[in-house]
Asks: 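Can you keep this structure in mind? I'll have questions shortly.
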Amino acid sequence: MSELSASEYIKEQNALEDEARELMPQSPTHCTYVDGALRQPVFACLDCGEIGVCYSCSIQCHANCDLVELFTKRGFTCDCGTERQLKKKDKSEFWCQLRQNSSRDIPSSSNTYGQNFKGRFCDCHKRYDHESDSTMIQCALGLNCNEDWYHCSCILETREDTTREANTSEPIDQLPKDFPSLESFDAFLCWKCVSRFSSIFQDLLAHTLSQKLIAHIVPHSNTLESAPSSSNAVKAEESSKKRRAETDDDLPFSIMFRPDYKDVLVMIKDDLEESSKLYVFLQDIAPFLLDEDSVYEPSEDSDDATSTFELGTQALSSSVDRSIAVAGIQAMDNIKQKLSEFLKPFADSGKIVKEEDIRNFFKLQKEEESRDS
Ligand SMILES: [Zn+2]
Ligand SMILES: [Zn+2]
Ligand SMILES: [Zn+2]
Ligand SMILES: [Zn+2]
Ligand SMILES: [Zn+2]
């Protein structure tokens, strides 16, 4: 693409706008700090004090920061513009642009800050790498690991990553060969969280309904590599006796629940004495395992929302990733007017707009911006 008319350019912008909207369907207008602790999408800001912020704040207040997407966290209160935030957005009088607070608000005392908020994940404590990372799975219990995300190979502790690098023909999303298929389970409970409640889980495994509940028990140990077994994952269909044997020794193990596990947990709970430890666990410590997921969703954009005209020079390329969409939406108000003015003479005269003209326009804007700051 070397040149295009203003109308073609606008048409192209509209297509990009649709693409950006598809990536970010919710309008970023409400900070959830006022709603308190929610299960909601959380973003870690590494620049403002390793705080977690809500979806809207990730766009309106931290778009130029080093952000890490953490997906959903349970019981989290947005920390944008609270005393946990260490620095303010440049040139702003407000700590949170959406709440418009000129002094910092009191942070929630119940937020738990694990390694994910430093941009680290899994037992290997690595940063997430979009390019090379294989499938990662979040712990559904999370009471010990703070709902951490794990590489499948780290769950098994087989360290297959190194061999994979050597063999580049292997697709990166391929699971380790002993790993259960992702369709066969719906919830993963990491070995760290299971170990913390080991006597509770022994009771759960011994329950008559455990066959209906548990899809896999996955020992976390490379000592098993020497075992004459074709699979590290012990299938639930195998006798519960064997399972007891596997879990009675001190090997830590992760548990995977079957797809309809919530209903089964409710049945198990209904069957228990209220004084039993397992009942207390299901009722008070991990009630979220039984509840239907309710994740806070920011409201959807309405059709009359402003156009994302100014995705900038990068918008001229065919792929729009999230960070560009964020930058585009954030820059929208500042630059839309200017671009329309710039394009008007071209549109009026039917003159061709060259890609170079657009690039120059954005270059000029950048120069103005850096002059201002
Ligand atoms: Zn917020
Ligand atoms: Zn920030
Ligand atoms: Zn904010
Ligand atoms: Zn890992
Ligand atoms: Zn866990």
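All ligand and atom numbering here is 1-based and tracks the order in the structure.
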Asks: Where do Pro176 and Leu156 come nearest, in terms of heavy atoms and distance?
Replies: CB-CD1, 3.9 Å

Asks: Ring pair (Phe, Tyr, Trp, His ring centres under 6.0 Å) with Phe76: which residues, sequence neighbours excluded?
Replies: Tyr113, Phe117

Asks: Could you pull out the N/O/S protein atoms under 2.8 Å of the Zn ion (ligand 1), ignoring any water?
Replies: Cys31 SG, Cys54 SG, Cys57 SG, Cys78 SG

Asks: Do any N/O/S atoms of Cys124 come under 2.8 Å of the Zn ion (ligand 4)?
Replies: yes

Asks: Have a look at the Zn ion (ligand 4) and estimate, to 10 degrees, the angle subtended by ND1 (His151) and SG (Cys122).
Replies: 100°

Asks: Tell me whether Lys269 at atom NZ has more than 12 heavy atoms from other residues, nucleotides or ligands lying less than 6.0 Å away.
Replies: yes

Asks: Could you tell me whether Arg104 and Glu83 make a salt bridge, using a distance below 4.0 angstrom between a side-chain N and a carboxylate O?
Replies: no

Asks: Under 2.8 Å from the Zn ion (ligand 5), which protein atoms of type N, O or S occur, listed by chain and number?
Replies: Cys139 SG, Cys145 SG, Cys190 SG, Cys193 SG

Asks: Any heavy-atom pair between the side chains of Phe201 and Leu141 that's under 4.5 Å?
Replies: yes

Asks: Under 6.0 Å between ring centres: does that hold for Tyr128 and Trp149?
Replies: no

Asks: Is the cationic atom of Arg99 (NZ for Lys, CZ for Arg) positioned less than 6.0 Å from the six-membered ring centroid of Tyr33 and within 45 degrees of its normal?
Replies: yes

Asks: How close do Arg84 and Asp79 get, counting heavy atoms only, and between which atoms?
Replies: NH1-OD2, 2.8 Å

Asks: Side chains of Gln40 and Asp35: does their closest heavy-atom pair fall under 4.5 Å?
Replies: no

Asks: Which atom pairs, one a donor and one an acceptor, fall under 3.5 Å between side chains of residues 184-192 and the rest of the protein, sequence neighbours left out?
Replies:
from, atom 1, to, atom 2, distance (Å)
Ser184, OG, Ser181, O, 2.6
Ser184, OG, His216, NE2, 2.8
Lys192, NZ, Asp123, OD1, 3.1

